[in-house]
Structures are given as structure tokens and as C-alpha cells.
Amino acid sequence: MAAIKIDGAQYTYRTGGSGEPVLLLHGFPFTSESFWPQLDAPPPGVRVICPDHRGFGGSDLRPGISTMEDLAADALKLLDALGLQSVIVGGVSMGGYAAMALLRIDPSRVKGLVLADTHPLADDAAGKEKREQVAKDVEKNGMAGYASQALNNLLAKEAKPYVRARMEAIMKSVKPQATAAAARGMAMRSDSREILGRYSGPALIVVGEHDAIAPPARAQEMKALMPKSKLVVIPGAGHLANVEAPQEFNQALGEFVSTVRG
Ligand code: MLT
């Protein structure tokens, strides 16, 4: 695990492979470890760069709410520190929201977009209320209860017990305060449909067939917004396709990177 300092705070990240850099932003409430299948066996010619969002993994939590723009700005600082101007930017679920925020902040840094099990819509009033309940629940009761209950919705029933156990362990390792700050940040996020509609670069959209949170119908809507996008639906996977079906995910990622590289 490597680290940089951002405004005096530690920001950690993992890398794997060598070649075309691909920034991968993790989902909620996980850490960069949730990209283990991409870090351990990246597609040929791909260097994955997986930071821990503020408060998660080894990254320090900063005061206040962690907005998607905050997560994106941190990731841009990491790219600066690594001397990378324009890269393929991807994210899983909340990581996708942060990737879309990064596109909003500075499209010139995005050479290609990978949106996995995510969608561009903002939360409605009921969704915002649920975020606040999650934030209050973990602040009061810690991560354990939330983790085991949330996984039922995140993973398809076909998911391997090993994958469930590892994702549950990652969730339980996360600080409740970081989870609460990111939950409140997701509640504040903007609708990104206009941003995607303006994006004219290449994009890969990946979705698990059984994703209950950002289902294939939402992925189709994203595809319609981006003329140069490709949609891959992964059979048997749920909301965490990159760990549930790593071979299929990595193959789609590898093929996409080859087309962007030309
Ligand atoms: C995630 O996996 O990051 C979350 O399910 C995103 C969300 O709750 O909207």
C-alpha cells in the first residue's frame, strides 16, 4: 500500500499490473481491497490504480461530509502526484458517482470512462432519508449489523461464499464515521445525466445481470446518453460484478482498454 499526503492528510492507494493506467474508485462502504481481482490479476497491459476514499482503508477521514466531488478531487490529486494527466477513469457504484463527479470537475483528465454497477441519478427525498438512517445506524451501532444485512442486497444469490466473506470483512473493517460521511455525501450528489450526455469519449458500462441497486435498465439508459459507449451485462452477477465475476469483468476491462489505446 502506497500513500500521498493531501493537505496534510494521508491518502492511500494500491496498484497492480503495468501499462495503460486505469483509475478505479471503490464502492460503498468498501476499500481499495474490493478491487482484489483487478489488483491481483489485471488484464494484460493495464495498470490499475485503486485509492482508498477519505476515511476508508488507510486514508484519513477529513472533517464534515465526504461529497462525491471531494472523493473525485482527492483522486485527481493522486493522479497529479503520479504525474498522470489523462487516464481511463472508472468506478464501481459509489465509485461511479465519484467518477462522474471527476468528469464534471475536469473532463480533460478523462481519456475513457468505466462505469460499473452505477447510475447517474441523484437520490430522491426517500433515498436521502434512507442515507441518513444508514449514517445514524452505523454511528450508533457500528458496522457489523449493517454489513451482513447490506450484502444480501449487494450480491447475487450465486455469489461465492468466499466473496461474501471477504466483502463482509472489508465492510466491517471500515470506520463508521467514514461510512456516515460518505452516506451523507451520496445523498447530496447531483444528477449526472447531463455530464454523461456531454461526454464524447469512449465508455464501458458494466452491470451484473441481477444488480438490484443499479439494474441493467439503468445501464441501458446510461448507454443511450453516451454515443461511444459499450454495455456489457455480466450473467449471474449482482451489484459487485468486479468481485462476483472477475474473469468476465477483467476481460471486458482489458478489451476496452485495448480499444482506447488503439
Ligand atoms: C455502493 O455499492 O457503492 C452503493 O450501493 C451505492 C449506493 O448506495 O447508491
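Positions are given from 1, in the same order as the sequence printed here. Values below: every heavy atom of this structure, side chains too, minus hydrogens, waters and symmetry copies. Whatever order the structure lists them in is the order used to number ligands and atoms, beginning at 1.
- Between V114 and the choices I205, I88, L25, the side-chain contact (heavy atoms from CB on, under 4.5 Å) rule is met once, by I88.
- The ligand atoms of ligand 1 that sit less than 4.0 angstrom from a heavy atom of G27 are 3 (O).
- In this structure, the protein non-hydrogen atom closest to atom 3 (O) of ligand 1 is F28 N, 2.7 Å.
- Among all non-hydrogen protein atoms, the one lying nearest atom 9 (O) of ligand 1 is Y97 OH, 2.5 Å.
- Counting protein heavy atoms only, atom 5 (O) of ligand 1 is closest to H239 NE2, 3.2 Å.
- No side-chain donor from either of S93 and D117 sits under 3.5 Å from a side-chain acceptor of the other.
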Legend entry - Step-by-step side-chain hydrogen bond (donor to acceptor under 3.5 Å, both in side chains) determination, S66 to R54: CA-CA 7 Å; S66 303; R54 49 176 69 192; 5.0 Å; no
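- Between M94 and ligand 1, at least one N/O pair is under 3.5 Å apart.
- Atom CD of Q251 has 12 or fewer heavy atoms from other residues, nucleotides or ligands within 6.0 Å.
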Inset, instruction - Assess whether salt bridge (charged side-chain N to carboxylate O under 4.0 Å, His left out) is satisfied between E132 and K128, documenting all intermediate values. - result: CA-CA 6 Å; E132 190 51 35; K128 287 183 205 286; over 6 Å; no
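- Every pair passing side chain to side chain donor-acceptor pair (under 3.5 Å) that includes a residue from residues 75-91 is listed here, sequence neighbours excluded: D80-R109.
- Of all protein heavy atoms, the one lying nearest to atom 8 (O) of ligand 1 is R131 NH1, 2.8 Å.
- Annotation: atom 6 (C) of ligand 1 to nearest protein heavy atom, S93 OG, 3.0 Å.
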